[in-house]
Each structure stands twice: as structure tokens, then as C-alpha cells.
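Values below: every heavy atom of this structure, side chains too, minus hydrogens, waters and symmetry copies.
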Amino acid sequence: MTLKIYGIGASRAARPLWAALELGVPFEHIAMPYQGGATRTPEFLAINPNGHIPAVVDERPEGAVTVWESMACALYIARVHGKADGQTITPATPREEAEALRWSFWAVSELESDALTVLMHRMAMPADQRKPELADRAESRLKVPLAVLEKHLQAQNAQGQAYLAANRFTVADVCVASVASWVRPAGALLAQYPAVSAWLHACVERPAHKQARALK
């Protein structure tokens with residue numbers, strides 16, 4: 001039985017890579033950049049016809065299972081390859097499962113687009129190609145979802161729970177922190193949300209996250 005993860009750490013593939021590393025699941029990392037046409041070959045399009053990374057192929061006794069979309073990949077790995085024992089990143093209760101699902105989808109719909117704009121136009125793009133006005137507008141829009149996340153984390157903290165779904169790091173945190181980390185170049189904005197800032201720092205400092213991001 002072989003788990004294959006296609007992609008590189010400096011992409012959305014960091015999400016399933018991070019999940020697998022947190023669980024200690026053996027996997028084959030197939031380095032595949034999102035640039036240069038690697039995702040447009042007939043071989044890769046047979047795996048993901050959208051031509052995007054990441055993709056996960058889980059070779060199982062009953063047959064291969066293919067997953068794409070980064071959040072789906074991470075959630076799949078946690079659910080299928082983890083143990084729901086209350087110790088790992090795998091949700092162990094219906095509430096934890098619900099939190100993982102709703103916050104993962106929320107991160108894609110409410111946070112990702114503007115977070116990526118901040119990352120690109122504050123840090124990732126060459127300085128002469130950046131458009132600060134785009135980052136400014138994105139940061140302004142991000143105040144709404146960051147306030148939602150701040151309120152939830154404050155409520156969690158009041159109940160003695162340090163993370164999104166429990167008092168332990170789960171796949172919910174993998175999925176949301178992988179997006180929220182793109183906002184870090186906007187330090188002044190994040191400083192307005194202390195619970196988010198503390199939670200995000202704890203997430204990205206985890207060894208498995210650093211390992212995932214380093215995979216090329």
C-alpha cells in the first residue's frame with residue numbers, strides 16, 4: 001500500500017504533505033512544480049484533469065484512490081490514514097469532524113484569495129512587479145474573516161481549548177493555518193488579532209510544517 005503526494009512544499013501541496021508528516025504516515029513525495037508545464041503532461045492530467053497540484057494517489061488493496069483539491073487531500077489523509085483516538089490530527093468526535101470540515105471550506109471561500117494577494121504583493125513577487133494598492137485592498141477585506149476567526153479562537157481559549165477544533169492540533173488547524181500563514185507579511189494587520197496571531201505562530205512553528213514547506 002503506497003501513498004503518493006504530488007507537488008512541492010511551496011504550494012498548496014504543503015497541506016497534504018503537512019498532514020501526512022504530522023501523522024507519521026509513510027508516503028512517496030513526487031516533486032512536481034506548478035510552473036513549467038509539469039502539470040500539463042498526459043500522465044499527470046490522467047491523475048488530475050484540472051492540471052493542478054496537489055494530487056494524492058492512495059494505492060490500496062481494493063484499488064487506487066485519487067484525490068485532488070488541497071483541502072480534500074489533507075482531510076482524506078487525516079481521515080483514512082489517521083486514528084480517531086483523540087491524540088492525532090484526525091477528528092475524534094462529530095464536533096471535531098464538523099469543525100475540520102467547516103473551517104477548511106471557510107478558509108478557501110473567505111480567506112484564501114485575499115491572503116494570496118497579500119503574500120504575492122507584499123513578499124513573494126519581485127519588488128518591481130508588486131502592486132501595493134492590491135495588497136492594501138486585500139488587507140482591508142481580510143479584516144472581516146480575521147475577526148470571525150479571532151472570535152472563534154477566543155471562545156475556544158475560554159473553554160481551555162488552544163486550537164480550532166480541540167485542545168490539540170488537528171487537521172482543521174493544518175488546513176486553516178496553511179492559508180492564514182499567507183497573511184504574515186501583513187504584520188500590522190495580524191497584530192490586531194492577538195488570538196489569531198498566537199494560534200498561527202504555534203501552528204507554523206511545528207516541525208512537520210517546516211518539513212512540509214522544505215520539500216522541493
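The side-chain heavy atoms of I47 and Y6, taken from C-beta on, include a pair separated by under 4.5 Å. Counting heavy atoms from C-beta outward, P91 and T170 have side chains that stay 4.5 Å or more apart. Looking at N48 and T39, their side chains never come closer than 4.5 Å, going by heavy atoms from C-beta outward. Inter-residue side-chain proximity for F27 and T2 is flagged as unmet; no heavy-atom pair is nearer than 4.5 Å. At least one side-chain heavy atom of C175 sits less than 4.5 Å from a side-chain heavy atom of V171. The closest side-chain heavy-atom distance from Q87 to K83 is not below 4.5 Å. With contacts defined as side-chain heavy-atom distances shorter than 4.5 Å, the pair I53/R12 does not qualify. V183 is not listed as a side-chain neighbour of L200, based on a closest heavy-atom distance of 4.5 Å or more.
Separation of atoms NE2 (H121) and CZ (R130) is listed at 10.0 Å; rounding is to 0.5 Å. To the nearest 0.5 Å, the span separating CZ on R206 from CG on L21 amounts to 11.5 Å. Taking OG1 of T88 as the reference point, atom CZ of R168 lies at 6.0 Å (rounded to 0.5 Å). Within the model, atoms CE of M123 and CE of M125 stand 12.5 Å from one another, a figure rounded to the nearest 0.5 Å. Atom-to-atom distance recorded for L190:CG and L142:CG is 9.0 Å, nearest 0.5 angstrom. If you take CG on D136 and OG1 on T117, they are separated by 11.5 Å, rounding to the nearest 0.5 Å.
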Point to revise | W182 vs E112, side chain to side chain contact (heavy atoms under 4.5 Å, CB included): CA-CA, chis, key distance, verdict | key: CA-CA 8 Å; W182 293 349; E112 189 174 60; 3.5 Å; yes

Review point. Which is it for R60 and E62 under the salt bridge (Lys or Arg N to Asp or Glu O under 4.0 Å) test, yes or no, and what are the steps along the way?
Key: CA-CA 5 Å; R60 306 184 62 79; E62 65 272 23; 2.9 Å; yes

Exercise for review: Could you please spell out the steps behind the salt bridge (Lys or Arg N to Asp or Glu O under 4.0 Å) verdict for R15 and E69?
Suggested key: CA-CA 10 Å; R15 297 161 191 174; E69 294 301 319; over 6 Å; no

Practice item. In sequence, state the C-alpha distance, the side-chain angles, and the governing distance for N157 and W199, and then conclude on side chain to side chain donor-acceptor pair (under 3.5 Å). Key: CA-CA 10 Å; N157 291 339; W199 161 82; over 6 Å; no

Review point. Would L149 and L164 count as a side chain to side chain contact (heavy atoms under 4.5 Å, CB included) if you check the C-alpha gap in whole Å, the side-chain angles of each, and the deciding distance to 0.1 Å?
Key: CA-CA 9 Å; L149 184 57; L164 284 176; 3.6 Å; yes

Practice item. Run the numbers on R141 and E110 for salt bridge (Lys or Arg N to Asp or Glu O under 4.0 Å), then give the verdict. Key: CA-CA 10 Å; R141 290 189 295 268; E110 303 294 331; over 6 Å; no

Exercise for review: Give the intermediate values and the outcome of side chain to side chain contact (heavy atoms under 4.5 Å, CB included) for residues H29 and L17.
Suggested key: CA-CA 8 Å; H29 173 228; L17 291 168; 3.9 Å; yes

Point to revise | Verdict with supporting geometry, V56 and W68, side chain to side chain contact (heavy atoms under 4.5 Å, CB included) | key: CA-CA 6 Å; V56 167; W68 26 262; over 6 Å; no

**Study point:** salt bridge (Lys or Arg N to Asp or Glu O under 4.0 Å) between E97 and R79, intermediate numbers included
**Key:** CA-CA 9 Å; E97 184 74 27; R79 185 173 183 83; 3.1 Å; yes

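Note on Y193 and V144: separate hydrophobic clusters, where clusters join Ile, Leu, Val, Met, Phe, Trp and Tyr whose side-chain heavy atoms are under 4.5 Å apart, directly or indirectly. In this structure, V108 is not a member of the same hydrophobic cluster as L116, with clusters built from ILVMFWY side-chain heavy atoms closer than 4.5 Å. Grouping the Ile, Leu, Val, Met, Phe, Trp and Tyr side chains by contacts below 4.5 angstrom, directly or via other members, places V65 with L3. Residues L23 and V174 share a hydrophobic cluster, clusters being chains of Ile/Leu/Val/Met/Phe/Trp/Tyr side chains in contact below 4.5 Å. Side-chain heavy atoms closer than 4.5 Å link hydrophobic residues (I, L, V, M, F, W, Y) into clusters, and following such links, possibly through other members, connects Y163 to F105.
Classification of R95 and E99 as a salt-bridged pair holds, one side-chain N sitting under 4.0 Å from a carboxylate O. The pair K143-E150 does not count as a salt bridge, with every side-chain nitrogen at least 4.0 angstrom from each carboxylate oxygen. Salt-bridge check for K210 with E22: failed, with every basic side-chain N at 4.0 Å or more from each acidic carboxylate O. A salt bridge between E139 and R122 is present, with a side-chain N of the basic residue lying under 4.0 Å from a carboxylate O of the acidic one.
Among all heavy-atom pairs drawn from V204 and S181, the shortest one is CG1-CB, 4.0 Å. Shortest non-hydrogen contact noted between F44 and A38 is CB-O, 3.9 Å. Nearest heavy atoms, I5 versus P16: CD1-O, 3.9 Å. The two residues H209 and C203 make their nearest non-hydrogen contact at CB-O, 4.0 Å. In terms of heavy atoms, A162 sits closest to N167 at N-OD1, 3.0 Å. A pairwise comparison of heavy atoms in G9 and R213 identifies O-NH1, 2.9 Å as the closest pair.
Ring centroids of F169 and W18 are separated by less than 6.0 Å, placing the two rings close together.
Using cut-offs of 30° and 60° for the angle between ring planes, the H152 and W103 rings count as tilted.
With hydrogens and angles disregarded, no donor-acceptor distance shorter than 3.5 Å links the side chain of S104 to the backbone of L101.
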